[in-house]
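Step one of this worksheet: look at the structure below.
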Amino acid sequence: MTTYTLSKGAAEKTKADVVAIGVVRTAKGLQAAPGGRGVADAYGRKFAPLLSTLGFTGKRGEVAKLPTGGTIKSPMLVLVGLGAEDDVDAAGLRRAAGIAIRTVSNAATLALALPARDAAEVRAVAEGAMLGAYAFTTYKTSSRSTPPGDVVVLTGTARSKAAKTALETAQAVASATALARDWVNTPAADLTPGRFADAVLAEHKSRKPGKVTISVLDEKELGSRGFGGVLGVGQASANPPRLVRLEYRPRGATAHLALVGKGITFDSGGLALKAGPKMRTMKCDMAGAAAVVAATFAIAELGLPVRVTTVAPMAENMVSGKATRPGDVLTMYDGQTVEVLNPDAEGRLVLADGIALAREAKPDLVVDVATLTGASETALGDRVGAVLGNDDDLLAQTIAAASRAGEVLWQLPIAEEMPEKVRTYSKVADLMQHNVDFYGGALYAAAFLQQFVGDHRWAHLDIAGPAFNGRGPYGHVPSGGTGFAVPTLVELASELADGKA
Ligand code: BES
Ligand code: ZN
Ligand code: ZN
């Protein structure tokens, strides 16, 4: 466990094993960023030639590590590029802190002397380090590097209430993000729907009693209550489905937010079996459920005055003699019937039931999060999430919240022909599950979900791209599960708490 503290101390005087400072590009050439200027002063006229010898250009993401040879108190210096002086923002600082901590191996103490001039920057630096230090080691019999035991964020604001609150917020958001990452990274054999639900119960138990209430529906209850979508998707698996419901009801709540997350613990594609390479990462298909559950715990931990109702339908999409076939008709929880066309388009079926259940609590707005369509990844790549919905103000607010939280969402439209297709394609049922046409898969999927939303204000986050990083780490984002959407959901809730959304 790493301990994070704030200190007013100067970068050149800290005795930490490693000190990290930022480097910015300015009209006068490369300079140490605020927070690290004392270090540059200690090097004096040697600072610029040193950067030049390192080949340092100051671009974002650039990093160098060098022994200080007594020039400053700390024996090791990490330099992180922050880009142009005027472009330094919280998102850039979050990434830079993540890079800094990933550069450090086996140091007991790290001092972060990046710009931390106000609470937002303090939060970004602390959160970036916490997120960047993440490692999933559950299945490693020996681990190669250990994160620092103590991380000190150097800031002139160290003693202010706002800075302390910022550190607490960073801690809640980062630990919730790590929780979501852990669940995504856990092999599907060890995170079946039953075990995922048990893991949420265990997490609930480990937290402060009374803040959040939890209930779990098993396959029998799902059957007797008519959750046809969840059951239809889960019926071929030896591991039966579950549905987890969380409720956080603080006194004086200003708004009521419903969160719904796709919890497919493994997506083989069902009878539309995925080909090898596409199936490899499909343990990540419960990332939406992981994000909404983890965010709910963080919102409660922070005591935000927002009521939250969270629904996470969990199922494993497998193949067997009991699998749902193309042409089968499912009767969903809200009574609408759906013709299944492609058993690999399973996410919308479990989400539809989840959304219908969440609506019973009469929320002011509904946000669902899902690794829903490969089409969204095709459109936006693997670092940007898609957002679609039925309320332009809510969409703008969600995108803005993401941006403040250090994530990128981009709006896609629910083009007007899409709902029409969903309602008219099937000759036998009310709705057609999947697009008959090849293109526009992310739009069609959202239009399908919309049939279950009614007139609630609703935003749908398709995180098929950014939920899982199949390549090397970047910024504060590790390989594997990223915890994408957790920071955005907490930020959105805190905006609702301020009565702004
Ligand atoms: N879980 C996938 C979507 C996905 C793709 C998530 C890539 C993460 C990374 C989803 O259930 C799926 O299989 N979608 C299909 C839909 C199609 C069969 C209608 C897709 O997008 O290919
Ligand atoms: Zn699928
Ligand atoms: Zn899926």
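Atoms within a ligand are numbered from 1 in the order they appear, just like the ligands themselves.
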Q.
To check your reading of the model: name the closest protein heavy atom to atom 12 (C) of ligand 1, its residue, and the distance in Å.
A. D344 O, 3.2 Å

(Q) Test your reading of the structure: does K274 have an N or O sitting under 3.5 Å from an N or O of ligand 1? (A) yes

Q) Which bit of K262 gets closer than 4.0 Å to ligand 1, counting heavy atoms only: side chain, backbone, both or neither? A) side chain

Q) Quick one: which ligand 1 atoms are inside 4.0 Å of a heavy atom on N342? A) 18 (C)

(Q) For D285, is there an ion pair with K262 - N to carboxylate O distance below 4.0 angstrom? (A) yes

Q.
Using a 3.5 Å cut-off on N or O atoms only, is R348 in polar contact with ligand 1?
A. no

Q) What is the closest protein heavy atom to atom 17 (C) of ligand 1, and at what distance does it sit? A) H434 CE1, 4.0 Å

**Q.** Distance-minimising heavy-atom pair for L246 and V200
**A.** CD2-CG1, 4.4 Å

Q: For E316 and T192, test the side chains for any donor-to-acceptor distance below 3.5 angstrom and give the result as yes or no.
A: no

(Q) Any side-chain to backbone donor/acceptor pair from N317 onto S268? Under 3.5 Å, distance only. (A) no

Q) Ignoring water, what protein N, O or S atoms are under 2.8 Å from the Zn ion (ligand 2)? A) D267 OD2, D344 O, D344 OD1, E346 OE1

**Q.** Atoms of ligand 1, numbered as shown, that sit under 4.0 Å from any heavy atom of M282
**A.** 1 (N), 4 (C), 5 (C), 6 (C), 7 (C), 8 (C), 9 (C)

Q) Considering only heavy atoms, does D267 approach ligand 1 within less than 4.0 Å through its side chain, its backbone, both, or neither? A) side chain

Q.
I'd like to know if the side chain of D364 pairs up with that of H256 as donor and acceptor (distance under 3.5 Å, no hydrogens or angles considered).
A. no

Q.
Any heavy atom of L372 closer to ligand 1 than 4.0 angstrom?
A. yes

Q. Can you tell me how far CZ of R307 sits from OG1 of T254, rounded to the nearest 0.5 angstrom?
A. 12.5 Å

Q | Per-atom contacts, ligand 1 versus E377 - under 4.0 Å to a heavy atom | A | 7 (C), 9 (C)

**Q.** Nearest-contact summary for atom 20 (C) of ligand 1 - protein heavy atom, Å
**A.** G374 N, 3.7 Å

Q.
Just to verify, what does D455 make a side-chain contact (heavy atoms from CB on, under 4.5 Å) with, not counting sequence neighbours?
A. none

Q: Sequence neighbours left out, what pairs pass side-chain hydrogen bond (donor to acceptor under 3.5 Å, both in side chains) with at least one residue falling in residues 431-441?
A: K421-D437, Y425-D437

Q: Give the numbers and elements of all ligand 1 atoms closer than 4.0 Å to a heavy atom of E346.
A: 11 (O)

(Q) Please report the interatomic distance CE(M282) to CD1(I264), rounded to the nearest 0.5 Å. (A) 11.0 Å

Q) In terms of the angle between their ring planes, are F227 and Y333 parallel, tilted or perpendicular, with boundaries placed at 30° and 60°? A) parallel

Q.
I'd like to check the side chain to side chain donor-acceptor pair (under 3.5 Å) partners of N469; sequence neighbours left out, ordered by chain and number.
A. none

Q) Considering distance alone, does some N or O of D285 sit under 3.5 Å from an N or O of ligand 1? A) yes

Q: Name the orientation class of the two ring planes belonging to H460 and W458 (parallel below 30°, tilted from 30 to 60°, perpendicular beyond 60°).
A: parallel

